[in-house]
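Working notes, structure below.
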Amino acid sequence: MLFNQFHDILPGSSIAEVFVDANRDWDWVMREGQALLGEALGAIAHRIECSEPAFPAAEAFVVFNPLNWTRSGVVAMPESNAGEVYICDRPNKPLTIQHTQRGQCLIAIDAVPSVGYQTLALRRRDGSESPRRDEPPSRPDGMSLENEHLAVVINGQTGDLVSIFSKKLDRELLSGPGNQLQAFRDQGQYWDAWNIDPDYANHPLPPTQLVSIDAIERGPIEWRTRVIRRLGASRCQHDYVLHRHSDTLYIETQIDWQEDHVLLKVAFPLTLDASHATYEAPCGSITRTTNPQTEAEKAQWEVPALRWANLTDDSGEWGVSLLNDCKYGYDVQPSQLRLTLLRSSNWPEVGCDRGHQTMTYALYAHRGTVSTSQTVKRGYELQMPLLVHSIPKLSTRGNEPPFVRRPDTHTHTHTHTPGLPSQATLLSLGANSLVLSAFKQSEADPGQWIGRCYEATGQRSHLTLSSDLGLRLGLRVNGLEDAILQSGAGLIAPAEVEILPWQIQAFQIKPTFSSLVQTQQGRTTVRPAV
């Protein structure tokens, strides 16, 4: 994976033979990563002690949250004749579910713990029950999507967004057509695949042509309307997606890109006025003016960002963030957020970027500034969704051989070691503005771990580690994992650590052995917490 971080592979400015090799490597990385993830979730699921479900035909699933804050969301499981879903420790309170046209069972779940999980039980229909069908909304044409946070209206002639009204802010967000695809001629640069034509804005191309609008899902968990448009020889499909209880509008996009020397952007004109824009950078953010004056500022007409860019009204009362899961070029004006989606250069390789492209971006409106909002969290949540894994029935586990991991295969088994409850927080940092960026086994001591975090909003925070696994905070370490001894502190690990604004800190994380001491045949032994 790291080998393919080469600077000409990432932006698409290599020759075709490079991408043949790189794509083969990426496929292998994805397969290995998914297999390792499945093994890890399976190991956790096997340790969960959930009582037998109230229904004989019920199956148990664990919903895992890989992020270090409690979150809610929507998870999807195969339809498989699902009848009823409930949280394992609350069998008398079924969760809301939705059977989709795509053969899935959607479940809205609240408060999945920080780096933790919630256990669900799914009861399947016995065949005599009719599938539950939810009543359609008042506007079955799909031209609107609405929940308790947002009301969205789609233009039936263009597929653009006419309105995004925030009920939380009590204001309209758009000042013009939203999610408008804007194409420009982009040629004449010697370094074709490297440089966007600085004069591209003076060469707009004809707008997209609407092909169709269809209501795909109509609630009560997900509202989804699909818009298909043509741009030149290319086909652009957008799914406008709004989830129950969500304050974010997601736009899942697929494009069959067949253009030459065309730059494609998506624009969101807004009803605010901001003199500065904020962009996410590695372990922090950077603020730039939206009214460039100097030559250096004027040269920054296209800038990079990681998961989001934000405009906050100069009043400081509210703002809007444009999130993305894989597109990192933004250009921003005082009242507009715009994201670059695609280019189509012909040198050093003819046909660069042509073909099927998949991306998701989203609009999130908030009170206050970007530092006091949930923008950082929304960006991570877009890229790291909740994960679902099945739990073996109690009657089928407990006799397996020990966990085996072979170097040449992912075939494995687990010993059922009981002890985890049906809901658990495996790791929490305490403060809302801290982001866990790494958690790994220590290089020096396999019996402890290294955790790295950073402060993401420019505020002083206090790290207080808590865990249902009995983990505790150890000494602060540097990048080589060597302990940093503070004057007068010696080897005493702190219970609470102050993290300065934007600071990156790493710590030893150790198991608590006091509750894990066992006496066997007169001997006292200590076993690891995990």
Side-chain angles (χ1 to χ4, degrees), residues 8 10-14 155 157-161 174-211 227-238 251 253-270 274 277 279 288-305 309 311 322 324 326-357 359 361:
D8 277 332
L10 292 180
S13 49
S14 290
N155 187 321
Q157 304 300 316
T158 65
D160 297 334
L161 296 173
L174 296 179
S175 63
N179 195 47
Q180 184 181 60
L181 293 181
Q182 299 177 352
F184 304 89
R185 191 189 72 192
D186 177 29
Q187 63 184 27
Q189 297 296 296
Y190 176 73
W191 298 96
D192 192 14
W194 290 262
N195 296 338
I196 295 175
D197 180 5
D199 197 36
Y200 76 86
N202 294 326
H203 303 284
L205 297 175
T208 59
Q209 300 297 313
L210 181 66
V211 176
V227 172
I228 297 177
R229 298 185 278 195
R230 285 281 178 191
L231 176 69
S234 301
R235 180 182 184 273
C236 309
Q237 174 182 300
H238 306 279
I251 304 173
T253 299
Q254 298 184 46
I255 301 177
D256 180 14
W257 190 237
Q258 301 296 335
E259 307 307 305
D260 284 331
H261 286 125
V262 173
L263 175 68
L264 182 65
K265 290 177 172 285
V266 61
F268 293 89
L270 304 170
Y279 308 84
R288 294 184 172 97
T289 181
T290 59
N291 296 291
Q293 301 297 319
T294 68
E295 290 302 314
E297 291 171 345
K298 293 177 181 178
Q300 296 173 2
W301 42 268
E302 178 97 2
V303 297
L311 282 178
L322 179 54
N324 84 90
C326 63
K327 298 296 178 181
Y328 309 112
Y330 287 83
D331 75 275
V332 176
Q333 299 174 13
S335 299
Q336 178 176 269
L337 287 165
R338 196 162 62 171
L339 180 66
T340 298
L341 299 183
L342 286 167
R343 299 183 65 224
S344 41
S345 60
N346 281 325
W347 186 79
E349 188 64 46
V350 175
C352 186
D353 285 346
R354 310 309 193 276
H356 187 76
Q357 311 279 345
M359 64 209 75
Y361 46 93

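Keep in mind it's a predicted model, so treat the numbers as computed, not measured.
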ask   = Please walk me through it: do V211 and Q209 pass side chain to side chain contact (heavy atoms under 4.5 Å, CB included)?
value = CA-CA 6 Å; V211 176; Q209 300 297 313; 6.0 Å; no
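- Closest non-hydrogen pair, W301 versus P198, comes out as CZ2-CA, 3.6 Å.
- Heavy-atom minimum distance, P304 versus Y279: O-CB, 4.1 Å.
- Formation of a donor-acceptor pair under 3.5 Å by the S13 side chain with backbone atoms of A193 is not found in this model.
- Nearest heavy-atom pair across Y330 and L339 is CZ-CD1, 3.6 Å.
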task = With side chain to side chain contact (heavy atoms under 4.5 Å, CB included) as the test, would you mind laying out the steps for Q357 and Q254 before giving the verdict?
result = CA-CA 6 Å; Q357 311 279 345; Q254 298 184 46; over 6 Å; no
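- If you take OG on S234 and CG on L342, they are separated by 8.5 Å, rounding to the nearest 0.5 Å.
- Residues L210 and N155 have side chains not in contact (no heavy-atom distance under 4.5 Å, counting atoms from C-beta outward).
- The closest donor-acceptor contact from the side chain of S344 to the backbone of V262 lies under 3.5 Å.
- Here the CG atom belonging to D199 is positioned 8.0 Å from the CZ atom belonging to R185, to the nearest 0.5 angstrom.
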Kindly list each side-chain donor-acceptor pair under 3.5 angstrom involving residues 345-352, sequence neighbours excluded, with atom names and distances?
{"unit_1": "N346", "atom_1": "OD1", "unit_2": "G351", "atom_2": "N", "d": "3.2"}
{"unit_1": "N346", "atom_1": "OD1", "unit_2": "R354", "atom_2": "NH2", "d": "2.8"}
{"unit_1": "E349", "atom_1": "OE1", "unit_2": "A16", "atom_2": "N", "d": "3.0"}

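- Taking the side chain as every heavy atom from C-beta outward, P334 and N291 approach each other to under 4.5 Å.
- Rounding to the nearest 0.5 angstrom, the gap separating the SG atom in C326 from the OH atom in Y361 is 11.0 Å.
- Here CZ of R288 is found 10.5 Å from CD of E297. Values are rounded to the nearest 0.5 Å.
- Within the model, atoms CZ of F268 and CD of Q180 stand 10.5 Å from one another, a figure rounded to the nearest 0.5 Å.
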key: Chi angles and distances behind the salt bridge (Lys or Arg N to Asp or Glu O under 4.0 Å) call for R229, D160   = CA-CA 10 Å; R229 298 185 278 195; D160 297 334; 2.5 Å; yes
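- Scanning for side chain to side chain contact (heavy atoms under 4.5 Å, CB included) contacts around P269 gives S175, Q336, with sequence neighbours left out.
- Residues P177 and T158 are not in side-chain contact: their nearest non-hydrogen atoms beyond the backbone lie 4.5 Å or more apart.
- The two residues K298 and P292 make their nearest non-hydrogen contact at N-CB, 3.7 Å.
- Between V227 and N179 the shortest side-chain heavy-atom distance does not fall below 4.5 Å.
- Annotation: the span from H238 atom NE2 to T208 atom OG1 amounts to 7.0 Å, rounded to 0.5 Å.
- A side-chain donor-acceptor contact under 3.5 Å links D186 to the backbone of D197.
- Under a 3.5 Å cut-off, the side chain of W257 and the backbone N or O of R343 do form a donor-acceptor pair.
- Listed by chain and residue number, nothing satisfies the salt bridge (Lys or Arg N to Asp or Glu O under 4.0 Å) test with K327 (two or more places apart in sequence, or in another chain).
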task = Report the C-alpha distance between L322 and R338 in whole Å, list the side-chain angles of each, state the deciding distance to 0.1 Å, and finish with yes or no for side chain to side chain contact (heavy atoms under 4.5 Å, CB included).
result = CA-CA 8 Å; L322 179 54; R338 196 162 62 171; over 6 Å; no
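- In terms of the salt bridge (Lys or Arg N to Asp or Glu O under 4.0 Å) criterion, E259 has no residue partners (sequence neighbours excluded).
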request  = Dump the intermediate steps for side chain to side chain contact (heavy atoms under 4.5 Å, CB included) on V303 and V332, then the final yes or no.
outcome  = CA-CA 9 Å; V303 297; V332 176; over 6 Å; no
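- The nearest pair of heavy atoms linking Y200 to F184 is O-CD2, 3.4 Å.
- Proximity of T290 to Q333: side-chain heavy atoms (C-beta onward) are nowhere separated by under 4.5 Å.
- Using a 4.5 Å heavy-atom threshold, the side chains of L264 and I255 count as touching.
- Applying the side-chain hydrogen bond (donor to acceptor under 3.5 Å, both in side chains) criterion to Y328, with sequence neighbours excluded, gives no partner residue.
- Scored by the salt bridge (Lys or Arg N to Asp or Glu O under 4.0 Å) test, D353 finds no partners at all (sequence neighbours excluded).
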